[in-house]
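First comes the structure, then the notes that go with it.
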Amino acid sequence: MSASPVLSIDATLPSGDTSIRIKHIPSPTPSHISQIRSILAHVIEEGRTYPHENITGDQGDWFFVNDVFIAVPQRPQEELGTQRSQEEDEVWGAFYIKPNFPGRSSHICNAGFITHPEHRNTGIGTAMGQAFLTFAPQLGYRASLFNLVFESNIASVRIWRNLGFKEVGRVPKAGRLRKRQTDENDGQGGREHEWADAIMFYYDFTT
């Protein structure tokens, strides 16, 4: 799909006193890449939401192969119309959009979302999800399919259900996930795992 420039979207978080800008970055800066890799490494190390074991081999390069978007806080000068350098962006969240399948099914996209741990439970995930519903069709996609949304990822499941995604399938025991820290068996060195089903979420952009 085309990686043509896409306008940014501004959103106010539920607290009412924080605004963010979600924007397309066709050419991520070194600062963008460093911050996104740091967040991604933390998410993968938690072992609860992504299937990857680690990012040491490819440094998470797969996150940047297609269209990348970031959520950054808006500063007072931006609200007055003054732009800042991209190197000054403080990344609170990020997501990519890519074709889910090749060729004749490449009109169906996939996406992956991450939120900085210090900014979770603030509404950023929902704001990025809403922005995704605007950006993906602008990139030429006709539908979206999320292949692996682990049912234990309660926040993510709630977002997609609330945004009107359809549950079109379930993959039993799709994830060998790390147990939450409070559930871990100290005798296993904090490395005990559990199996989780994955829900497949679908959205039709043409209706």
Between [X] (side chain) and [Y] (backbone), is there a donor-acceptor pair under 3.5 Å?
X	Y	answer
N162	R158	yes
D89	V91	no
S105	P102	no
D67	Y96	no
R178	E45	yes

Quiz item: Quick one: do D61 and R37 make a salt bridge, cutoff under 4.0 Å?
Solution: yes
Mind listing the closest non-hydrogen atom pair of [X] and [Y] along with its distance?
X	Y	result
N147	A198	O-CB, 4.5 Å
A71	I20	CB-CD1, 4.3 Å
F150	V157	O-CG2, 3.8 Å
P14	T122	CD-O, 3.0 Å
T12	S19	OG1-OG, 3.6 Å
P99	N66	CD-OD1, 3.8 Å

Practice problem: Flag the pair F63 / Y50 as yes when their ring centroid distance falls below 6.0 Å, and as no otherwise. | Solution: no
Quiz item: Is the centre of the H107 ring less than 6.0 Å from the centre of the Y141 ring?
Solution: no
Roughly how far, to the nearest 0.5 Å, is [atom2] of [Y] from [atom1] of [X]?
X	Y	atom1	atom2	result
I97	Q138	CD1	CD	9.5 Å
L148	I199	CG	CD1	11.0 Å
K179	S152	NZ	OG	12.5 Å
M128	I9	CE	CD1	12.5 Å
R104	S106	CZ	OG	10.0 Å
H42	I114	NE2	CD1	11.0 Å

Heavy atoms, side chains only, cut-off 4.5 Å: are [X] and [Y] in contact?
X	Y	result
L145	F101	yes
I36	P28	no
V65	K98	no
F113	S156	no
N110	F146	yes
L163	Y203	no
H116	Q35	no
F201	R161	yes

Self-check item: Between Q130 and T134, a side-chain donor and acceptor under 3.5 Å
Solution: no
Quiz item: Hey, mind stepping through R48 and L177 against side-chain contact (heavy atoms from CB on, under 4.5 Å) and telling me if it holds?
Solution: CA-CA 5 Å; R48 298 288 307 170; L177 309 182; 4.2 Å; yes
Practice problem: Apply the test side-chain contact (heavy atoms from CB on, under 4.5 Å) to residues D197 and K173: give CA-CA distance (whole Å), side-chain angles for both, the deciding distance (0.1 Å), then the verdict. | Solution: CA-CA 4 Å; D197 289 0; K173 297 183 179 179; 4.3 Å; yes
Exercise. Determine the interplanar angle of the F132 and F165 rings, folded into 0 to 90°, and report it as parallel if under 30°, tilted if 30 to 60°, perpendicular if over 60°.
Key: parallel
Quiz item: Is there a path from V171 to W195 through hydrophobic residues (I, L, V, M, F, W, Y) whose side chains come within less than 4.5 Å of each other?
Solution: no
